[in-house]
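In this text the structure is predicted, and so the values were computed from the model without any measurement. Start at 1 and go down the list; that is how both ligands and their atoms are numbered. Along the sequence shown, residues carry numbers from 1.
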Amino acid sequence: MKLRKQLLVTPGRKVVLAKLDPDHTFGWEKSDAVAKRLEQNTARLEELQLRLFAENRHALLIILQGMDASGKDGTVRHVMTGLNPASCQVQSFKVPTSEEIRHDYLWRIHHVVPARGEICIFNRSHYEDVLVVRVRQLVAKEVWKRRYDQINDFEQMLTENGVTILKFFLHIDKAEQRDRLRARLADPTKNWKFDRNDLDVRRQWDAYQRAYEEALSRCSTKWAPWFVVPANKKWFRNLAVSDIVRATLEDLHPQFPRPLFDVTKVRVP
Ligand code: AMP
Ligand code: MG
């Protein structure tokens with residue numbers, strides 16, 4: 001499970017996104033072997049999820065961030081394949097509602113952190129509060145500046161209480177985003193995904209990259225690591241995320257609980 005090491009943002013490292021190639025595949029090539037590995041990961045994830053649920057000790061929180069069209073939805077679809085929706089959820093974070101905005105920014109997040117035994121995927125997250133909020137100056141600098149430490153503390157508290165956290169930044173470049181946004185316009189089955197607001201965000205590409213760099217550099221911690229996933233190639237993105245999720249669940253060694261009674265002494269009439 002080498003990708004977990006290769007894509008990790010070592011805590012304390014300063015990330016410069018321009019130096020990380022969104023096309024890099026770490027020697028992997030699109031092949032039958034990759035397709036097979038993905039299939040095996042999916043099957044194994046299904047089993048690990050069942051054990052996690054039965055054991056009822058750990059929760060897994062997977063955070064997905066990335067520019068528009070970076071593949072967050074596609075990754076959710078992929079990682080979820082085979083998982084039982086009974087103990088797996090997806091939470092998408094949009095512009096805060098009028099109620100959410102009246103609370104602190106972590107309020108709506110904490111509320112939906114997975115319970116023991118559960119897996120939850122966040123499509124966007126509290127990181128939006130140091131990304132879009134910073135770039136669009138939705139709060140004063142003094143306010144968002146403090147949030148990096150607050151987020152680290154919040155995530156540490158969660159991990160100390162049974163939540164394992166994985167954070168993936170899906171790294172695409174501007175040309176790839178252009179092609180994907182054009183595809184949304186060209187394909188009638190994708191028109192609904194095209195959001196004109198994405199063009200304003202695209203114009204501020206560099207400011208978003210700076211904001212991502214600071215979040216990745218300051219908030220990759222021992223307890224809640226960031227991974228930068230080269231995501232121009234969808235097959236590699238899927239391979240990387242499923243490998244890392246699988247390796248992390250394997251490390252938790254979830255076990256089926258042993259019955260508290262002697263099963264040989266119970267008869268079902
Ligand atoms: P999508 O993920 O394409 O459905 O878009 C969701 C939109 O909600 C994106 O433009 C995000 O930047 C925006 N959004 C998410 N969280 C926040 C937040 N805390 N403050 C402002 N905008 C947000
Ligand atoms: Mg969108």
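Near Pro96, with a cut-off below 4.0 Å to any heavy atom, the atoms of ligand 1 are 17 (C), 18 (C), 19 (N), 20 (N), 21 (C). Here is the list of ligand 1 atoms found below 4.0 Å of a heavy atom in Asp129: 19 (N). Per-residue contacts place Val133 under 4.0 angstrom from the following atoms of ligand 1 (heavy atoms of the residue considered): 20 (N).
A donor-acceptor pair shorter than 3.5 Å can be found between the side chains of Thr75 and Arg237. In this model, a donor atom of one side chain and an acceptor atom of the other lie less than 3.5 Å apart for Gln89 and Gln91. Thr221 and Gln156 share no donor-acceptor pair across their side chains, judged by distance under 3.5 Å alone. In the model, Ser87 has a side-chain atom that pairs as donor or acceptor with a side-chain atom of Gln49 under 3.5 Å. With hydrogens and angles left out, the side-chain atoms of Gln150 and Tyr105 include a donor and acceptor closer than 3.5 Å.
Ranking the protein heavy atoms by distance from atom 22 (N) of ligand 1 puts Val132 CG1, 3.6 Å first. Protein heavy atom nearest atom 11 (C) of ligand 1, with residue, atom name and distance: Glu128 OE1, 3.6 Å.
At least one side-chain heavy atom of Glu128 sits under 4.5 Å from a side-chain heavy atom of Gln65.
Considering only non-hydrogen atoms, atom 10 (O) of ligand 1 lies nearest to Asn197 out of Leu131, Asn197, Val135, Asp195. Considering each of Glu100, Met67, Arg108, the one bringing a non-hydrogen atom nearest atom 19 (N) of ligand 1 is Arg108. Of the options Arg124, Arg136, Lys193, Lys94, the smallest heavy-atom separation from atom 9 (C) of ligand 1 is shown by Arg124. Counting only non-hydrogen atoms, the option in Ile109, Val139, Val95, Leu138 that gets closest to atom 8 (O) of ligand 1 is Val95.
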task = List the steps, then state whether ring-ring contact (aromatic ring centres under 6.0 Å, His included) holds for Phe154 with His110.
result = CA-CA 9 Å; Phe154 170 66; His110 200 171; 5.4 Å; yes
